[in-house]
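Since the model is a prediction, treat every value here as computed from it, not as a measurement. All chains are named by letter (A, B, ...) in the order of the sequence lines, taking the proteins before the strands, and each is independently numbered beginning at 1.
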Protein chains: 2
Amino acid sequence: MEKLDDLHQQEVFFSEEERQGLYKTVFNRRDVRGQFKPDPVPDDVLSRILHAAHHAPSVGFMQPWNFVIVRSGEVKKRVHSAFVEANDAAANMFDEQDKEKGETYRSLKLEGILESPINICITCDRSRTGPVVVGRTAIKTMDLYSSVCAVQNLWLAARAEGIGVGWVSIIKQKALQDALGMPAKIVPVAYLCVGYVSHFYEKPELETAGWLDRESLDELLYFDQWGNQKNSEDDSLVSQVIEDRALPYRW
Amino acid sequence: MEKLDDLHQQEVFFSEEERQGLYKTVFNRRDVRGQFKPDPVPDDVLSRILHAAHHAPSVGFMQPWNFVIVRSGEVKKRVHSAFVEANDAAANMFDEQDKEKGETYRSLKLEGILESPINICITCDRSRTGPVVVGRTAIKTMDLYSSVCAVQNLWLAARAEGIGVGWVSIIKQKALQDALGMPAKIVPVAYLCVGYVSHFYEKPELETAGWLDRESLDELLYFDQWGNQKNSEDDSLVSQVIEDRALPYRW
């Protein structure tokens, strides 16, 4: 078995253009809220991005996910109502901190539930393969993390297909479970709006809106111990990281 | 601003080969435990995969991650000891369920901490941008999920570079924090072993070992409501998904 696997894998190499495709996808992926077009997503495209999600890593190979494909306008409306409720509560939280932040918050478009042709809820069934799971014995959240990896795979595959995805996280878990008829034991990890878009933004919308700046990667690097930073004279990796700051804008 | 962004993005299109590069990466990514080679990872490659991680989606653009680059043999040994302790505890849990499962578990190679030239811990600083975060008001775990997206970006970029990554999750959070000198408030979301490999397996090791089978994607799909399955006669997406089962093996 191992010999055959070896032979197969020796043939899997990546051309420069294929590798570039991966980076282009990563750097141009956006959280889409307001640019959805009603054009239907063809089955073959949707199937590919779902297969990409299904091939995410999962702890103990438990594949804890399901994919709830939402096309019904009525169901979308229920989910949207749950969003509106949670979003009002969120705006009030910002008000309490700072009236101006509250106003800016209210001006942000944060979901495209009704405009996008398809919504997909990616879930986690924490009991799928029994109580003891390889790799989940010490860190209990590993199964939720597996479903998040499926989200990211789907998001990237969609971007490479020219399809936008927006993650709606401003929604109470119980309200989302109710809207989708989901048992309490199933965790709805992500509710995604999916569809073709008029355009993708160059930068994340919260960055463009001046809400927060992009952190400098070199300042987020520590070496061997927490808090142990190095500068470009101490460590050639740091100088390379600084040099590569323009990477995402080279395409 | 929006006009300029539009112009920029109209130019970002994906060739067939670039899109194929994304899928090839997704389908050929493996959790690597036993095939690491000691060859150093060049700075330019490491820098690119770190930039890919840094361009993951993050809730409220909080970018809650740091990257602790571990090259020190002494630090690796401490982390490895923490793994051994947690792994013994895990083996006992499987014993309690089923002696045979316990034996199989002990035969699995589950980490490459000491053999891989670089380990990277990706963390989450939950208080990075203050107590109220756009998109984290209803679901408190969204910041942890952002760091998981960074893990998946790094994992895919590494695969496209021919580099293997293994996620070591069999380790107590406190023990890992201690080994890396990390404050209690920082969550070490993932501890990754990173390096070139002798080969990548065709399939996940737990699948090859017969621990669990790959689920059929079509059976994981629900429509509009939890539990509402369709067959290929009811829904053309289902028949497409079944037809595409061979997708991951076409490269």
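A salt bridge links A:D235 with B:R71: the closest approach of a Lys/Arg side-chain nitrogen to an acidic carboxylate oxygen falls below 4.0 angstrom.
Remark: the backbone N or O of A:L220 is paired with a side-chain donor or acceptor of B:N66 at under 3.5 angstrom. Using modelled atom types, no side-chain atom of A:H55 and backbone atom of B:N28 make a donor-acceptor pair closer than 3.5 Å. Between the B:Q63 side chain and the A:D213 main chain, a donor and an acceptor come within less than 3.5 Å of each other.
Considering only heavy-atom pairs separated by less than 4.5 Å from chain B, the leading option among A:V26, A:L206, A:L217 is A:L217. The residue among B:R214, B:Q97, B:E215, B:M93 with the most heavy atom pairs within less than 4.5 Å of chain A is B:R214.
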TODO: Start with the C-alpha distance between A:E161 and B:Y23, add both sets of side-chain angles, then the distance that settles side-chain hydrogen bond (donor to acceptor under 3.5 Å, both in side chains), and finish with yes or no.
DONE: CA-CA 10 Å; A:E161 300 275 5; B:Y23 284 112; 2.6 Å; yes

Open item on the list: Before you tell me yes or no, could you show the steps for B:M182 and A:Q225 under side-chain contact (heavy atoms from CB on, under 4.5 Å), namely the whole-Å CA-CA distance, both residues' side-chain angles and the distance that decides it to 0.1 Å?
Closed with: CA-CA 7 Å; B:M182 208 172 271; A:Q225 291 288 290; over 6 Å; no

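In this structure, B:K24 satisfies the cation-pi test against A:F13, with its NZ or CZ atom closer than 6.0 Å to the six-membered ring centre and inside 45 degrees of the ring normal.
Using a 4.5 Å cut-off between heavy atoms, A:Q177 makes no contact with chain B at all. With a 4.5 Å cut-off on non-hydrogen atoms, A:A179 touches chain B through its backbone but not through its side chain.
Residues B:Q152 and A:Y145 have side chains that never bring a donor and an acceptor to within less than 3.5 angstrom of each other.
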